[in-house]
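The structure appears right after this line, and notes come after that.
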Amino acid sequence: MNKNLKEQVLRSSGVNVLKCMRCGKCSGTCPSYDEMEYHPHQFVYMVERGDIETLMNSKSIYKCLTCFACVDRCPRNVEPAKVVEAVRLAAVRQQGNNHMNPNQIPEMLDDDMPQQAIVTAFRKYIK
Amino acid sequence: MQVNENKEFQPLIVAFCCNWCSYAGADLAGTNRLNYPDNIKIIRVPCSCRVNPMFILRAFQRGADGVILCGCHPGDCHYTSGNYFTRRRMTLLFSMLDFLGIERNRTRVEWVSAAEGAKFAATMNEFTEAVKKLGPNRRLEDLRCRKQ
Amino acid sequence: MQEAMINKAKQLLSEGVVNRVIGWKRGEFAYDITPAVFENAEEIEKSFVYDDFTAANVSKYLVKESKKDGKILAFLKPCDTYSFNQLIKEHRIIRENVYIVGIPGGPKLDAEKIKAKGITGILGVKNENYTLKIDTIYGEETMPFYEAVLDKCASCKSKKHVIYDELIGEDGDTLDSNRFDMVEKLENMTAQERYDFWRSQLSKCIRCNACRNVCPACTCEKCVFDNPDSGIENKAPSDSFEENMFHIIRAFHVAGRCTDCGECSRVCPQNIPLHLLNRKFIKDINTFYGEFQAGEDITSLAPLNEFKQNDCEANIIHERGVE
Amino acid sequence: MQRIGVFVCHCGTNIAATIDVKAVAETLSKEPGVIVSQDYQYMCSESGQNLVKNAIKEHNLTGVVVCSCSPRMHENTFRKAAASAGLNPYLVEIANIREQCSWIHKDIASATEKAIILGKAAVAKVHLNAPLTAGESPVVKRALVIGGGIAGIQTALDIAEAGFDVDIVEKNPTIGGKMAQIDKTFPTLDCAACILTPKMVEASQNEHITIHSFSEISDVKGFVGNFTVTIKKKARFVDETKCTGCGLCTEKCPMKKVPNEFNMGLDNRSAIYIPFAQAVPKVATIDPNYCMMMKTGKCGICSKVCSAGAIDYKQQDQYIEQKYGAIVVATGFNPINLDKYDEFAYNQCPDVVTSLELERLMNAAGPNGGTLLRPSDKTHPHKIVFVQCVGSRCDDSKGKPYCSKICCMYTAKHAMLIREKYPDTEVYVFYIDVRTPGKNFDEFYRRAVEQYNVHYIKGMVGKVTPRSDGKIDVQASDLLANEQLHIDADMVVLAAAIEPDKTARPLATMLTTQMDTNDFFTEAHPKLRPVESATAGIFLSGACQGPKDIPETVAQASAAAAKAIGLLVKNSITCNPCVAHSNELMCNGCSSCEKVCPYGAITYIDKEFKMPDRTVAIRRVASVNPAVCQGCGACTVACPSGAMDLNGFSNSQIIAEVDAICK
Amino acid sequence: MLKISLDKLDKLFEAITASKTLYIPVDREDGAAEYRKYKSGMKLSNALNTVRSAKDFFFPQTENLVDFKMDGKNIEVIDIRKESEDFVIFGVRACDARSFTILDKVFLAEPVDSYYKNRREHGTVVTMACTRPAETCFCGTFGIDATSPEGDAACYSDGENLFIEAHNEKGQKFIDSISALLEDGDTAKLEETRSKTREILKKLPLANLSTDSFGGDKLNEYFNSDKWGELSESCLGCGTCTFVCPTCQCYDIKDFNTGHGIKRFRCWDSCMYSDFTKMAHGNPRLTQLERFRQRFMHKLVYFPANNNGEFGCVGCGRCLSKCPISMNIVKVMKALEVK
């Protein structure tokens with residue numbers, strides 16, 4: 001467990017993960033659920049445990065659409081999407097850890113991909 | 001005013017606490033062993049609205065360096081509306097003291113419920129520090145009352 | 001105006017509407033006018049006066065006068081009507097026993113201001129086109145009218161009579177006055193500057209109680225400062241604290257009740273601008289709790305006798321203005 | 001000359017470990033007026049109290065200062081001790097040297113110094129204490145119960161049982177409340193109506209109980225033992241005394257398209273209506289918003305068919321003023337509005353219902369005669385999803401921060417009943433936690449799972465989407481399986497959070513009782529005085545104080561009744577002597593004090609006075625009713641002349657304390 | 001006579017302060033004048049009079065008399081009296097100078113007021129003759145010559161020079177202490193100035209006010225006069241007239257609890273106050289009429305009765321300009337006067 005990383009994620013997200021009552025509504029509402037290895041509620045719980053590196057190494061951090069459904073519906077105002085974003089930032093901040101090159105994106109496009117995914121991809125996949 | 005030689009300035013602070021919330025909050029701070037400075041001396045009043053501006057001036061006259069008034073949170077007054085009157089009265093009084101050039105941080109109103117022992121202690125710690133920074137009360141002091 | 005008032009007074013006396021008249025009585029010089037009760041036409045004819053120096057607010061006398069037998073005629077200037085209303089609100093005056101004739105108000109003159117110009121030996125003062133021609137033992141002197149106007153009139157808040165039975169002349173409107181300018185100026189000073197300002201002013205206090213005794217809001221049966229049981233009784237400004245204390249408490253006691261008639265400053269023998277303390281409260285009340293003019297009506301609750309659940313917190317004082 | 005005794009308590013080591021109690025006693029013995037100063041291990045113990053009592057007698061003390069724990073703890077103990085030794089109890093002052101000194105400080109020297117200062121302040125105050133005698137005020141032997149649900153009914157029945165008159169004020173046309181709408185009760189599954197309606201009838205027939213249905217409280221004045229309440233009897237346009245409840249008018253009424261509140265709007269009623277068959281009083285009420293006669297002046301059928309001649313279109317609201325000794329609040333609860341929860345599609349799909357609506361759907365007197373049918377197409381649902389904690393335990397602005405307490409159990413009940421009656425129906429319950437503390441509660445829940453095969457899934461529904469084929473897509477997480485589920489349900493049942501009735505807040509203002517931020521009435525003590533409000537004479541019954549199930553509500557209702565009876569059996573009550581009083585010689589009659597008094601305790605009288613100038617004058621002066629005054633002191637500061645002062649906390653006493661502390 | 005040029009006044013003041021504390025009247029920002037302790041750079045006021053009279057120097061508004069120290073049940077009495085320092089009051093007008101004679105009759109008569117005596121002995125009064133009397137002046141009514149003021153030493157100005165002469169030993173000592181700055185001067189112009197001033201004094205509006213109708217034997221004439229009612233009805237009962245009056249000498253003795261002791265002090269009192277002369281049984285003067293009457297009867301009848309016909313007023317005119325409602329001794333005298 002890396003304490004500094006946990007601190008960093010908590011600080012950059014501004015989220016109090018202790019408010020989570022583990023209801024799973026975030027995961028129940030998440031449109032990317034099936035794409036993810038770790039689901040929104042797990043993000044919150046794993047950040048609480050300090051298990052950040054596992055999350056950083058998981059592709060799940062790139063699957064979040066930042067649609068904020070989980071933020072809107074969380075009964076405890078935990079804001080899981082911000083946690084996911086914070087973990088992603090932690091990963092992105094490490095030099096050379098770019099998830100992908102923007103040039104790769106056009107060939108990945110297909111009709112089924114939500115537009116929001118493209119926009120968010122541009123926003124967060126590179127520094 | 002208690003000045004111990006070679007020690008930092010120890011202000012004298014009078015805290016008026018309403019019986020139902022803040023005095024109970026102070027008790028709770030005690031029950032939970034939450035430390036706050038011994039500079040704070042509490043006077044129990046039935047309600048914050050019992051505190052006449054006269055009492056506050058009196059404390060300053062007699063050498064208090066700070067006066068804090070604690071009552072129930074607005075809406076929670078045991079007497080329904082007392083603290084609302086307090087709030088207006090103290091707003092005007094503090095404003096007047098400020099207008100006369102008296103250091104504004106010597107006075108304070110805080111709402112502390114019976115359940116907020118921790119807040120009570122924290123408030124008192126914070127207020128004591130604030131008054132310490134100001135140093136002894138000179139602008140609203142009665143020289144006749146100063147101890148030789 | 002004086003003529004119309006004398007005629008009105010004589011008429012009401014002869015018709016039996018009133019049995020006394022409260023007004024102003026001529027003095028030794030041009031300016032030393034004394035409020036007085038007149039009981040008959042001869043007295044009125046002889047010494048009733050209404051001119052540039054009749055500044056005194058007679059409404060406080062009605063606390064006592066309205067409790068005597070019969071109805072009394074009171075000539076009230078606009079500012080006096082506010083005091084009168086406030087006293088009715090506080091059940092200090094019996095309205096039925098007073099017949100109010102509203103009269104136009106100031107601006108009234110301040111003899112002290114003429115004297116402060118070094119003009120002495122004053123025998124007579126005439127206003128010619130807003131230039132004062134002052135006849136003195138040492139010859140005639142002149143000065144602009146407005147330089148001799150009382151402070152309270154220079155920042156007049158209203159020309160409107162808020163209560164009257166009849167009017168002589170036209171009624172005016174409330175004015176958008178500059179009365180908070182000086183308060184604001186002080187607010188913008190540093191705390192140390194404010195402290196120095198007020199020390200230099202309040203240290204002049206001789207505790208003659210003129211401000212309190214003239215104040216229409218100070219009608220207590222026994223003032224706390226005269227009451228040995230109150231804990232703050234004192235006769236003398238024995239210490240700088242006492243001077244502050246007296247004026248803070250006095251201002252606080254009249255907060256929300258003071259109509260800003262300005263009599264306190266007018267009568268202060270030491271020229272302390274006491275009205276600034278009252279105006280500070282008025283300004284704060286307006287800012288924090290909404291515009292309020294004491295004496296404007298007889299039904300509204302005084303700002304310190306009511307509250308709103310979303311009133312600002314007292315600690316707002318610690319956050320605003322200049323420290 | 002004062003003869004003051006000082007008693008310093010060690011409180012074992014609670015005080016003595018941090019404060020040099022001997023030094024405190026020694027120093028205070030030198031204060032003016034102090035003639036005896038002692039310390040003792042436990043001053044509150046019997047022998048400690050005897051020490052105080054003996055000193056009072058031996059030294060003929062005129063005042064007692066006890067340096068001990070908080071006055072909130074033992075002030076009464078020492079006051080009683082003083083009284084038993086012949087000293088007026090209000091000549092005792094406590095210096096709080098435990099909670100506010102020994103427990104918060106570590107340095108013995110400075111803690112001792114502070115304790116001495118606190119002791120000196122108490123000595124200075126007791127110098128000015130005056131003996132006070134508590135007055136008495138009579139108790140009106142009649143109780144008012146506000147709210148006619150099961151809580152109100154039970155309270156009223158218990159008070160009536162003790163022989164006191166009691167009035168029930170119910171805002172709806174009938175008593176019965178929420179329980180009347182419920183189908184079955186957990187964990188016994190008996191029919192709610194079967195156990196409630198006999199109590200309703202009992203209440204209506206009890207000679208001590210008067211039911212004011214379709215009525216509201218419009219004003220409350222007075223104080224414990226002597227409240228004056230104005231009850232507004234809303235016009236129901238039917239003469240209660242004449243109506244026989246035959247129901248002919250409701251049958252003949254041509255206006256039949258009025259949403260039926262009793263059935264949660266799931267069916268309709270007529271404009272003149274009796275809420276349900278067992279209503280008490282069984283009297284018709286005209287709904288003026290729908291009645292054609294009232295709206296257009298044309299119709300009048302009900303009036304024609306009524307053989308009793310009870311219809312009165314001109315009826316006005318009526319105000320009744322009544323005196324009461326005690327008031328019990330039983331205003332109950334409502335499910336919260338779910339408009340803000342778009343994700344559950346409550347407003348979009350008729351087949352998404354609340355649990356209370358499901359109660360009506362399953363009830364024999366409900367819209368479908370007891371057959372569970374989907375509201376949209378009246379077909380049998382085969383897959384039902386229950387969602388728990390909708391709006392409960394929420395930290396956001398949409399819901400409530402608390403647990404609504406009853407949902408876990410009624411959902412288990414619903415699931416079980418459905419599985420029992422329609423075994424072909426699949427039932428899913430999405431839960432965060434299943435909370436079943438209570439007698440036979442967990443067994444009940446386990447039965448639902450084990451015996452009735454209800455699918456309990458740990459997880460929360462994220463989204464409910466009505467589909468065009470009539471099914472409802474329920475998207476949820478299954479946290480234990482770590483997968484996201486999609487269930488094509490026929491019905492979704494939302495366990496909506498419950499909140500206090502909207503009438504509670506204005507009522508609390510009238511009663512001058514406290515409420516928490518959720519509008520639940522605050523009890524006088526969360527543990528030791530759970531059915532009393534902090535305002536004397538006002539008691540709390542049922543869900544107005546917090547979420548409760550029926551057995552708890554009934555238990556609390558009876559407890560509130562017991563407390564009310566305890567008050568009503570007294571002929572008079574002792575008043576708090578620490579009340580305001582006005583010095584008439586100094587009073588100006590300006591009315592400031594009257595304006596700030598929250599209790600209306602101050603009135604003005606015209607009194608004849610000999611004035612200082614030898615004249616006699618009639619002056620208007622304030623007069624405080626000591627039975628009404630609660631002693632807050634707001635008036636003392638509002639009074640510019642200082643004529644108003646407070647017993648026990650007088651200006652001079654507080655100033656003496658300030659002086660002593662600042663010495 | 002000895003003289004000094006007016007533009008060398010600051011040198012004179014510096015010389016005085018070398019040995020003694022000096023108080024001079026100076027102008028305030030608000031146009032009024034008051035006595036202040038001299039500091040370099042201060043300018044002597046040209047104002048006719050100060051708002052507060054010069055009596056403050058010998059009979060201050062508040063004065064600590066004795067202290068009590070409290071320690072537990074013990075009380076210790078502390079005599080706080082100290083020998084006063086030598087001081088000079090410069091620029092006292094003729095009216096105020098006469099007021100000291102009146103105060104002396106009260107405080108230096110048996111039993112002697114040692115606090116007052118101490119100050120009086122250490123204070124040197126240097127007076128200043130008037131040149132521009134005001135309409136409110138009526139010192140002549142009480143036999144005071146504003147052009148020849150009393151005092152230990154007197155000064156006269158002719159517009160260019162200040163002439164100084166001693167009236168007694170103390171005054172002579174004062175002049176000796178500054179003699180280095182003084183030179184002999186020609187008084188011709190001074191006499192001209194003084195006679196001009198005397199002419200003005202004769203023409204003052206109140207020049208004809210007379211004390212003939214008043215005196216120690218007039219008790220019965222005036223005590224029950226029906227004029228008191230109308231004269232006093234507008235009186236506010238404040239203490240302004242009393243506190244600006246140079247001859248009012250009433251005081252109250254009060255204790256102030258400092259928390260650790262008592263300070264017993266005396267402070268000016270006013271017969272206009274409702275609690276004046278309040279005793280255990282109450283107040284013998286219950287109405288403002290009685291209190292108002294007391295003040296003027298004291299000045300015009302009681303005081304002369306006990307002091308060989310000397311009136312308790314010096315005609316300084318302060319109450320005329322300061323009374324909030326402009327009621328004053330002149331109006332009272334004119335109303336009561338038997339013509």
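Hydrogens, waters and symmetry mates play no part in the numbers below; they use all other heavy atoms, side chains included. Each chain gets a letter, A, B and so on, in the order its sequence line appears, and its residues count up from 1. Computed from a prediction, not measured in an experiment: that's the story for all the values here.
Residues Arg139(B) and Tyr195(C) come closest through the heavy atom pair CB-CE1, 3.3 Å. Closest approach of Arg58(B) to Gly231(C), counting heavy atoms only: NH1-O, 2.6 Å. Listed here is the closest heavy atom pair of Leu93(B) and Phe281(C): N-CE2, 4.4 Å. Here the closest heavy-atom approach between residue Glu313(C) and residue Pro74(B) is recorded as OE2-CG, 3.8 Å. For the pair Ile317(C) and Ser95(B), the tightest heavy-atom approach, listed with the atom from each and the gap, is CD1-CB, 3.5 Å. When all heavy atoms of Leu57(B) and Phe241(C) are compared, the pair lying nearest together is O-CZ, 3.3 Å.
Most heavy-atom pairs under 4.5 Å with chain C, from the set Met54(B), Arg87(B), Met90(B): that is Arg87(B). Taking chain B as the reference chain and counting heavy-atom pairs below 4.5 Å, the highest number among Leu304(C), Asp311(C), Leu276(C), Asp284(C) is found for Asp311(C). Options Glu193(C), Glu242(C), Gln201(C), Arg199(C) differ in how many heavy-atom pairs under 4.5 Å they form with chain B, and the most are formed by Glu242(C).
With contacts defined as side-chain heavy-atom distances shorter than 4.5 Å, the pair Arg88(B)/Ile285(C) does not qualify. Proximity of Ile248(C) to Pro53(B): side-chain heavy atoms (C-beta onward) are nowhere separated by under 4.5 Å. Ile316(C) places none of its side-chain heavy atoms less than 4.5 Å from the side chain of Phe94(B). Proximity of Glu319(C) to Arg104(B): side-chain heavy atoms (C-beta onward) are nowhere separated by under 4.5 Å. A 4.5 Å side-chain heavy-atom check between Met96(B) and Phe252(C) finds every atom pair outside the cut-off. Counting heavy atoms from C-beta outward, Asp98(B) and His318(C) have side chains that stay 4.5 Å or more apart.
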Could you give the side-chain donor-acceptor pairs of residues 211-222 of chain C under 3.5 Å, partners two or more places apart or in another chain?
residue	atom	partner	partner atom	Å
Arg212(C)	NH1	Asp226(C)	OD1	3.3
Arg212(C)	NH1	Asp226(C)	OD2	3.4
Arg212(C)	NH2	Asp226(C)	OD2	3.1
Asn213(C)	ND2	Leu236(E)	O	3.1
Asn213(C)	ND2	Gly237(E)	O	2.8
Thr219(C)	OG1	Arg92(C)	NE	2.9
Glu221(C)	OE2	Arg92(C)	NH2	3.4

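A distance of 4.0 Å separates CD in Gln309(C) from OH in Tyr84(B), rounded to the nearest 0.5 Å. Rounding to the nearest 0.5 angstrom, the gap separating the CZ atom in Phe60(B) from the CE atom in Met245(C) is 12.5 Å.
Neither the backbone nor the side chain of Thr86(B) comes within contact range of chain C; no heavy atom of the residue lies under 4.5 Å from a heavy atom of that chain. For a residue to count as touching a neighbouring chain, one of its non-hydrogen atoms must lie under 4.5 Å from one of that chain's; by this rule Val183(C) touches chain B with backbone and side chain alike. At a 4.5 Å heavy-atom cutoff, the contact between Asn305(C) and chain B is made by backbone atoms alone. Only the side chain of Leu97(B) comes within contact range of chain C, judged by heavy atoms closer than 4.5 Å. Using a 4.5 Å cut-off between heavy atoms, Glu306(C) contacts chain B through both its backbone and its side chain.
Around NZ of Lys113(C), the count of heavy atoms belonging to other residues, nucleotides or ligands within 6.0 Å exceeds 12.
A search for side-chain contact (heavy atoms from CB on, under 4.5 Å) contacts involving Cys153(C) returns Pro107(C), Lys108(C), Val149(C), Leu150(C), not counting sequence neighbours.
Within the 3.5 Å criterion, the main-chain N or O of Val109(B) finds a donor-acceptor partner in the side chain of Asn315(C).
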